**Student:** 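Just dropping this structure here.
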Amino acid sequence: MIKNHFIAACAAIMALSAVTAFAKDTAPDQQLLQRGEYLAKAGDCVACHTAKGGKPFAGGLAMPTPIGTVYSSNITPDKEHGIGNYSEDDFDKALRHGIRKDGASLYPAMPYPSYAKVKPADVKALYAYFMNGVQADPTPNRGVDIVWPLSMRWPLSIWRKVFAPAVAVDGADDNSPLARGKYLTEGLGHCGACHTPRGIGMQEKALTDDSTQFLSGGVVEGYLANNLRGDARDGLGNWSEQDIAMFLKTGRNSHSAAFGGMADVVANSTQHMTDDDLMAMAKYLKSLKPVKDGVPALAYDDKTHQALRKGSDQSPGAMGFLNNCAACHRSSGKGWTETFPTLAQSATVNAENPASLIKIVLAGGEMPWTHKAPTQFAMPAFGSRLSDQEVAEIVTFIRSSWGNNAPAVTAGDVAKVRKELPKQAAEASGTVAKQ
């Protein structure tokens, strides 16, 4: 009897040891989870995969494309509607190759051409986080609002073969700040998805810095995603590395303030990144050559300031500026540092494409809330009180004053932007009608 009890006790101890060992083997590595969470923030996954008023990562955000609207998918570990049944290989195929678990191709609204640069070790960390660090949510996925035959997915497999790059492999890491900045900017940061112009197939014209098309500016949701290269007039030529890092951390600096989609990027992503990573990205961006070599920086000209103070400029644009803009941006055009952005020598103001400036005047804008800069300053919408002609006169005045040198804006330019505002608002709220 004693012998039987002893054998039973030993068996129980062995079973308990096996269970403990199994638990250790299957329990998620906390360090890996934390790494995955950080990488998910660096990739700004929550911004695209969370609908307004929805649960984090549960999908449903409307994403307009030239052929219709697609909706982001549920990437929580829910087994029915999310990615709970995805293996790590399934996850990798979706993230870096643009292929769903069922073998269908993803629309390139999912920036897998950029994520192709993410190394397998980081994919592993991301997978661990989404499977173990994100709360499952049963929100069903929405179908696309794209008319047939454009809604067929099989042509996307051809698009992938033509435009998607080969995926990165693990190897010896270059730990220099410049290499780290390149990796984050081109990969998880997917900056090119917005800031690089698109070709006829809606592909990014460049995915890396071997072309000056890369990060030279693109139009997204009616805004111009600015040129991030070294151009002095409409790029980052006049910004220091510290200026760039501060903008990414706080959404503002002495040159500009984040608005539109970039405000979401700062709020959800870059403000949570380490100072070292932000400085690395800044160093990489400052290494990019300008699109147009030899174009000098704009110099401040005080003539407009003095004319406004003396009342000697009675033009419609000048009077419209004084009545609507000068209280915040000042007659000097210099605004208030980190509060109301400067208009003088601003890259947004001097961009050849005036889309952002027009849309901000019509629809207003709001800086992001960040831990380092918690006060949110907002610009009201002037679309309801100003006609297309009045907006054109004010914007043209701004683009030609204080040393600024950008093309004039017409009432037709304003009307085009105004026409898109109701459509974009509907898409943002997820109330898009079937195409």
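Predicted model only: the values in this text are computed from it and were never measured.
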**Student:** Count the heavy atoms of every other residue, nucleotide or ligand shown that sit under 6.0 Å from CH2 of W336, and state whether that count exceeds 12.
**Tutor:**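 Atom CH2 in W336 is not packed in, count stays at 12 or less.
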**Student:** Could you tell me whether K283 atom NZ has more than 12 heavy atoms of other residues or ligands within 6.0 Å of it?
**Tutor:**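 Not more than 12 within 6.0 Å, no.
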**Student:** Using 4.0 Å as the upper bound for N to carboxylate O, is an ion pair formed by K292 and D231?
**Tutor:**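 Result for this pair is no, no salt bridge flagged.
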**Student:** Quick check: does any side chain N or O of R252 sit under 3.5 Å from a backbone N or O of M246, one acting as donor and the other as acceptor?
**Tutor:**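 The answer is no, because no donor-acceptor pair under 3.5 Å joins these two groups.
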**Student:** Please say whether more than 12 non-hydrogen atoms of neighbouring residues, nucleotides or ligands are located less than 6.0 Å from NZ in K93.
**Tutor:**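 For K93, atom NZ is not crowded (no more than 12 foreign heavy atoms under 6.0 Å).
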**Student:** Check the side chains of N238 and H255 for a donor-acceptor pair under 3.5 angstrom, ignoring hydrogens and angles.
**Tutor:**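 Their side chains do not contain a donor-acceptor pair, so the 3.5 Å distance test is not met.
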**Student:** Which residue, L207, L215, N227, forms the side chain to side chain contact (heavy atoms under 4.5 Å, CB included) with T196?
**Tutor:**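 Filter result, single survivor: L215.
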**Student:** Using a distance-only test with no angle check, is there a side-chain donor-acceptor pair under 3.5 angstrom linking Q389 and E393?
**Tutor:**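 Distance-only check passes for Q389 and E393.
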**Student:** Can you confirm whether or not the ring centre of F130 sits under 6.0 Å from the ring centre of F57?
**Tutor:**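 Between F57 and F130, which both carry aromatic rings, the centre distance is below 6.0 Å.
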**Student:** Any side-chain donor-acceptor pair under 3.5 Å between T274 and D276?
**Tutor:**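 The criterion, which ignores hydrogens and geometry beyond distance, is not satisfied for D276 and T274.
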**Student:** Examine the side chains of N350 and N404 and answer whether a donor and an acceptor come within less than 3.5 Å of each other.
**Tutor:**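 Distance-only check passes for N350 and N404.
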**Student:** Taking atom CD of E88 as the centre, report whether more than 12 heavy atoms of other residues, nucleotides or ligands fall under 6.0 Å from it.
**Tutor:**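 Above 12, so yes.
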**Student:** For Y183 and D174, test the side chains for any donor-to-acceptor distance below 3.5 angstrom and give the result as yes or no.
**Tutor:**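 No - no donor-acceptor pair under 3.5 Å links their side chains.
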**Student:** Using a cut-off of 6.0 Å, state whether more than 12 heavy atoms not belonging to K289 lie near its atom NZ.
**Tutor:**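 No, because the 6.0 Å sphere around NZ of K289 holds 12 heavy atoms or fewer from other groups.
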**Student:** Can you confirm whether the side chains of D89 and S87 place a donor and an acceptor under 3.5 Å from each other?
**Tutor:**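 S87 and D89 do not have a side-chain donor-acceptor pair below 3.5 Å.
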**Student:** Please identify each residue that fulfils ring-ring contact (aromatic ring centres under 6.0 Å, His included) with Y115, with sequence neighbours left out.
**Tutor:**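 By the ring-ring contact (aromatic ring centres under 6.0 Å, His included) rule, Y115 matches H190.
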